[in-house]
2 protein chains.
Amino acid sequence: MPATLGGVPAPSAPRSTRGEQTRSHILATALRLFRDEGYDAATMRAVAAEAGVSVGNAYYYFESKDHLIQAYYEEIGKAHRELALARLTGVRDLAERLRVALDSHLEVIEPYHAFAGSFFRVAADPRSPLSPFSAESAPAREEAIRFFATVVDGSSTRIPAALRAELPRLLWLLHMGVVLYWVHDRSPGARRTAELVERGVPLVVKLIGLARLPGVRGALDDAIALIRSLMPPEPPIAPEAVRAPSRLLR
Amino acid sequence: MPATLGGVPAPSAPRSTRGEQTRSHILATALRLFRDEGYDAATMRAVAAEAGVSVGNAYYYFESKDHLIQAYYEEIGKAHRELALARLTGVRDLAERLRVALDSHLEVIEPYHAFAGSFFRVAADPRSPLSPFSAESAPAREEAIRFFATVVDGSSTRIPAALRAELPRLLWLLHMGVVLYWVHDRSPGARRTAELVERGVPLVVKLIGLARLPGVRGALDDAIALIRSLMPPEPPIAPEAVRAPSRLLR
DNA sequence: GTCTATAACACGATAGAC
DNA sequence: GTCTATCGTGTTATAGAC
């Protein structure tokens, strides 16, 4: 399979053969069913039937049901960045920029809240390629981190140099934490998560400012050294690791 | 079912009827198979066969396969506390006490590292009663938080009053974070997680000390207020919520 | 109340024919 | 590329035996 990667066509090859059309059709059907019926109710049989293809054909294009979620993530990520970047023009205050970034995300994922648990269960599996920490997720993860880099870079708020380099990754982690909270948030309209962002963001920015204090500086340097050591920016991804069968082990 | 709760007998009723013996036997067999073969390979059919009972009988005592994991958690928690408390006698330095607490846990869960992903996938589901944040997990969670309270209380290190009340819960959260890292840690012997504890604990204790700084104090108070508001110590658990069917929804 | 035996269901996933 | 048939799984149901 030269141009495909775990069933996903290389981004640079948008040829619209018949196969590509079938693939897109199955995917669109699956995403619609996910949203309308939930992940569990949208069985592969249902997806295939609704798309007018056989189960085997669906598996021909998507290695597993989980791989259909990958497309969902990509769609979410793209929609989030587009919405947030549009709203960020002209905004220079770091707290405000961060608030816009996180709030936009909550807005984009809101329709999926009822079924977030199903998606999350899959994503939380460390063996799943869908885990946000997996090697297969590296491209999406790095794109998200780059997004937070632009959130930081576009701000006029002064940031201690030692922190600046690591801040995008830390904010992405914070973002993951907000999502974790959101997934568990059963309050109507997920208003507690909204409150977490509203009150948490100024706090985070205040903490960033505190990094300048003489006493704090040493601890910060230690923390950054620790993060650098335990979260290597580019884990040694052998090329074959990306091409390896991404199906769940066992 | 008066004395049982989701198939688990009330802790205060250790009567050793024949049923209890069967139950323990099934459980012990399941845990052994989990450890030796992994969660996925240890099918319900295999557990029942190995225990010499019928599948129906296994389901008579355990509502679902996931519920077998609940017993695993309880066993882990108990072993951890026993090991850690024994090692903590005479230790007064907070950093050292915290290090012992976290290292002991890593030691206890080590045999399960290969299959941690399977367990974790189940526990990560917010709808699962096995989630560490679920209402059903409240007793185990509170016991764990009480454990961290003794870790804090037994130390001679001075802790800012504002922080002291929330510290056990925060340390439990930190603990959850360590486990999250451990589950994803593929380094031999999970040595990166060990490094995280070794270098992270002094850092955390240093940060606790920094809470005294005048500039930090305000941010800390904000943070604690936020935590109190968004992580209510006792979420309104209606009694029926505990008795409600704990099977996964749908 | 405890337990067996067996069949059946729907699911994710696969094999192999066309 | 696409299909039908089939597998193994968690789980449930039935119908009873001690």
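Keep in mind the model is a prediction, meaning the values are calculated, not measured. Throughout, protein chains are lettered first and strands after them, A, B, ... in sequence-line order, and every chain is numbered starting at 1.
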Write down the distance between [atom1] ([X]) and [atom2] ([N]), rounded to a whole number of angstrom.
X       : N      : atom1 : atom2 : result
A:His67 : C:dG12 : NE2   : P     : 15 Å
B:Met44 : C:dA8  : CE    : C1'   : 17 Å
A:Lys65 : C:dA13 : NZ    : P     : 8 Å
A:Asp40 : D:dT9  : CG    : P     : 20 Å
B:Leu33 : D:dT9  : CG    : P     : 13 Å
A:Glu37 : C:dA10 : CD    : P     : 17 Å
B:Tyr59 : C:dT4  : OH    : C1'   : 16 Å

Open item on the list: Is a donor from one side chain sitting under 3.5 angstrom from an acceptor on the other, for B:Ser64 and B:Asp66?
Closed with: no
Donor on one side chain, acceptor on other, B:Ser137 and B:Ser134, under 3.5 Å: yes
Exactly one of A:Phe115, A:Phe34, A:Phe62, A:Tyr112 clears ring pair (Phe, Tyr, Trp, His ring centres under 6.0 Å) with A:Tyr72, and that residue is A:Tyr112
Identify whether NZ of Lys or CZ of Arg in B:Lys65 sits under 6.0 Å from the centre of the six-membered ring of B:Tyr39 and within 45° of that ring's axis. yes
Ranking C:dA13, C:dG12, D:dG1 by distance to the side chain of A:Thr43, first place goes to C:dG12
From CA spacing to verdict: salt bridge (charged side-chain N to carboxylate O under 4.0 Å, His left out), A:Glu107, A:Arg87:
CA-CA 13 Å; A:Glu107 215 171 304; A:Arg87 288 176 175 172; 2.9 Å; yes
Identify whether the distance between the nearest side-chain nitrogen and carboxylate oxygen of B:Glu20 and B:Arg23 falls below 4.0 Å.
no
Every protein N/O within reach of nucleotides 2-6 of chain D N/O, cut-off under 3.5 Å:
unit_1 : atom_1 : unit_2  : atom_2 : d
D:dT2  : OP1    : A:Arg18 : NH1    : 2.9
D:dT2  : OP2    : A:Tyr61 : OH     : 2.9
D:dT2  : O5'    : A:Asn57 : ND2    : 3.2
D:dC3  : OP2    : A:Ser54 : N      : 2.7
D:dC3  : OP2    : A:Ser54 : OG     : 2.8
D:dC3  : OP2    : A:Asn57 : ND2    : 3.4

